There are 2 protein chains.
Amino acid sequence: MGDPSARHPRHNKAEVFAQLRYAHAREVTEDYVEMIADLIEEEGEARSVALAERFGVTAATVNNTIKRLERDGFVTSRPYRSIFLTDQGKELAEKCRKRHEIVYNFLIALGVDPAIAEFDAEGIEHHVSEETLAAFSKFSGN
Amino acid sequence: MGDPSARHPRHNKAEVFAQLRYAHAREVTEDYVEMIADLIEEEGEARSVALAERFGVTAATVNNTIKRLERDGFVTSRPYRSIFLTDQGKELAEKCRKRHEIVYNFLIALGVDPAIAEFDAEGIEHHVSEETLAAFSKFSGN
DNA sequence: TTTTAAAGTTAGTCAAGGCTAAATTGATTT
DNA sequence: AAATCAATTTAGCCTTGACTAACTTTAAAA
């Protein structure tokens, strides 16, 4: 039968799934930096309590996640103070905001109901490549 | 200010995120039942070693996941034997297969490169509502 | 200024989903 | 029949992301 690695050429999906696992780890980070940016814009600052309310999780969970985001260089925080985005965090938040908007507008252009478009965009946005995003953008006329 | 629940009507996203967290738990299940169905069709049976190879994880990880799937009623398995889908598992696999196809065909119809479409479909499929799926289906002419 | 309430933190627990290393089982060779 | 090899299982560990309960800090009211 020859080289085993050539036996199932159409099924070498391992890399796809590996990247999907990595992608999931990024989703929470992206949701947080987006939400923090929203809060800073809308309320002037990002407090744990607001994040907890909007994500529907406890304050303890927010605390854990913020620590991880800080470790990974996306935010800065000091005990009992509000949360700030680093330059890296701001950059990611802005990228996510644009991407979210493109996905949402695309679904609207497709004729999807706004409420459903908002919900689906939240899930889809993390899994759209640059190429597909460009196709979405082109379809809805930028 | 009245009812606090009406104060931020555009920001009651907690439910959206709660559903997304639930959705993630379903993704692995869906990927596994889909892959098991593929293996049974293509190779006559679904063995742990094949799942491990295709997902790019170790056999131990497959073992854990299969136990969870069995607990949740999607598969049956006996020690050192191959894995079978229950009726519930077959149903989910078939639903996923159809949905995957619709998403993939839709991306192709949009002009996305097949390799990228395949990759993105794998991530997007788990986050598409029935309504959006219908819109995709309609766009690519079924 | 003292008390109280809200916000934030810490400690400990759990499930999912990964891993490695070691043990076991089943199947194939010799 | 015994040895060997591949597949599977088990045990133990890790990280993420959730929780509750208890504690501390900050801010606001009395």
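What you see is a predicted model, and the numbers here were worked out from it, not measured in a lab. Numbers restart at 1 for each chain; the letters A, B, ... are given by sequence-line order, proteins then strands.
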Looking only at side-chain N and O atoms, does A:N63 come under 4.0 Å of OP1 or OP2 in C:dG8?
-> no
Which whole-number value in Å describes the distance from B:I66 CD1 to C:dG18 P?
-> 12 Å
Between B:T65 and B:T61, is there a donor-acceptor pair closer than 3.5 Å when you use the side chain of the first and the backbone of the second?
-> yes
Side chain of A:N63, backbone of A:A59: donor and acceptor closer than 3.5 Å?
-> no
Quick one: label B:R71 by what it contacts on the DNA or RNA (base, sugar-phosphate, nothing), any heavy atom closer than 4.0 Å.
-> sugar-phosphate
Which of C:dG18, D:dA18, C:dT9 is nearest the side chain of A:S48? It is C:dT9
In whole angstrom, what separates A:N64's CG from C:dG8's P?
-> 15 Å
Is A:Q19 atom CD crowded by more than 12 heavy atoms from other residues, nucleotides or ligands, each under 6.0 Å away?
-> yes
Other residues, nucleotides, ligands: >12 heavy atoms within 6.0 Å of A:E45 CD | yes
Straight-line distance of A:L85 CG to A:S77 OG, nearest 0.5 Å | 11.5 Å
Can you find a side chain N or O atom of B:K67 that sits less than 4.0 Å from OP1 or OP2 on D:dT9?
-> no
When rounded to the nearest 0.5 angstrom, what distance separates CZ in A:F84 from CD in A:E70?
-> 11.5 Å
Can you list, by residue number, the residues of residues 55-62 of chain B that have a non-hydrogen atom closer than 4.0 angstrom to DNA chain C?
-> B:G56, B:V57, B:T58, B:A60, B:T61
Can you give one letter per nucleotide of nucleotides 23-29 of chain D, going 5' to 3': B for a protein heavy atom under 4.0 Å from the base, S for sugar-phosphate only, - for none?
-> -BSS---
